[in-house]
Amino acid sequence: MTETHAHRHATETAAVPAAEFWETFYSERDQIWSGKPNDLLVREASDLPPGTVLDLGCAEGGDAVWLAERGWKVTGVDVSTTALARAAQLAAERGVTDAITFERHDLATSFPEGRFDLVSAQYFHSPVEQAGEREQALRQAAGAVAPGGVLLVVGHFGWPTWMAEPKHDYHFPTTDQVLASLRLDDRWVVELQDVVHRPSTSPEGVEGTRSDNVLRVRLTA
C-alpha cells in the first residue's frame, strides 16, 4: 500500500476501523492501482525458484498475478472485499485463477494459515493502523515462512521530497527498526538491507524523489 491516495483520507480518520477505511478507499474509484507488480518485488523475487507465496495486503492483485504467472502458488490477503473482487477479476483476465487463493483478513484479528516459501509485504503501511499493529502482523508474517523461505518487507523510507506538508504524522521505520521489531532468532539470515532512491512526481507535476526500504531475510532450513 502507498500514501498517494490513501493518506489523503487520513487526517480525520484515525479512529475508523481498517475494514471500513479500506473499503471506502477502494469504493471511491473503479480502479486505484495500475495492475502491474511493485518494482522492488520484481527485483527481489525474479530469481527465486517458484513455490508457495503469501502476499500480504494484496490490494487489486498486481503482485499476486505477476507471481502466479511465474509459477508461484499464491495466497493473497486483504481486508477490503472490493479490492479482493478486483484482484480475482484480474487473475481471471490473465488466466491464473487456479494459481491464486484470495482470502479476506483484518490482520489485526486474523491471519492466513500455512507456511510459505515467500512472504511478501509490499508498502505495508496504513493511515489507520493502531500502535504496534504493523509490527505484530510482520512478526506473524515471519512465523509463516517455511524453512529455507524468505520474508520480503518493502516500505517507504519517508514522504516524497515534493510533499512540503505531509497529510498526517507517520513514522516510516528503517530496515534496522523493522528487523529489531521482528525479534528473529539465530535461524534467520539477513540477505539484504537496502535504501532505493527513485524519481517521484506529485499529482501537480512537481518533480522530486521517493526513497524506499528493502529488507530480505531468510529462514535457514
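Nothing fancy with the numbering, it's 1 onward along the sequence. Values reported hereafter were calculated over all heavy atoms of this structure, with side chains retained and with hydrogens, waters and symmetry mates removed.
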Task: Member of H105, R104, E103 meeting the side chain to side chain donor-acceptor pair (under 3.5 Å) criterion with S110 - done: H105
- [ ] Any salt bridge (charged side-chain N to carboxylate O under 4.0 Å, His left out) involving residues 79-93? Give me the pairs, sequence neighbours left out, ordered by first then second residue.
- [x] E60-R86
Open item on the list: Whether the D176 and Q193 side chains hold a donor-acceptor pair (N or O, under 3.5 Å, no angle test) is what I'd like checked.
Closed with: yes
- [ ] Verify whether one side chain among T52 and D117 offers a donor that lies under 3.5 Å from an acceptor in the other.
- [x] yes
TODO: Measure the spacing between CG of L118 and CZ of R216 and express it to the nearest 0.5 Å.
DONE: 8.5 Å
Task: Flag for T201-E207: side-chain donor and acceptor within less than 3.5 Å - done: no
Task: Under 3.5 Å donor-acceptor, Q122 side chain and N38 backbone - done: no
Task: Any donor-acceptor pair under 3.5 Å from T209 side chain to R198 backbone - done: no
Open item on the list: Which label fits F172 and H156: parallel for a plane angle under 30°, tilted from 30 to 60°, or perpendicular past 60°?
Closed with: perpendicular
Open item on the list: If you define the side chain from C-beta out and look only at heavy atoms, does anything of V178 sit under 4.5 Å from L138?
Closed with: yes
Open item on the list: For a 4.5 angstrom cut-off between non-hydrogen side-chain atoms, does V145 reach R218?
Closed with: no
Task: Side chains of E135 and S181, donor plus acceptor under 3.5 Å - done: no
- [ ] Please step through side chain to side chain contact (heavy atoms under 4.5 Å, CB included) for the pair F102 and D78, ending with a clear verdict.
- [x] CA-CA 8 Å; F102 290 109; D78 205 278; over 6 Å; no
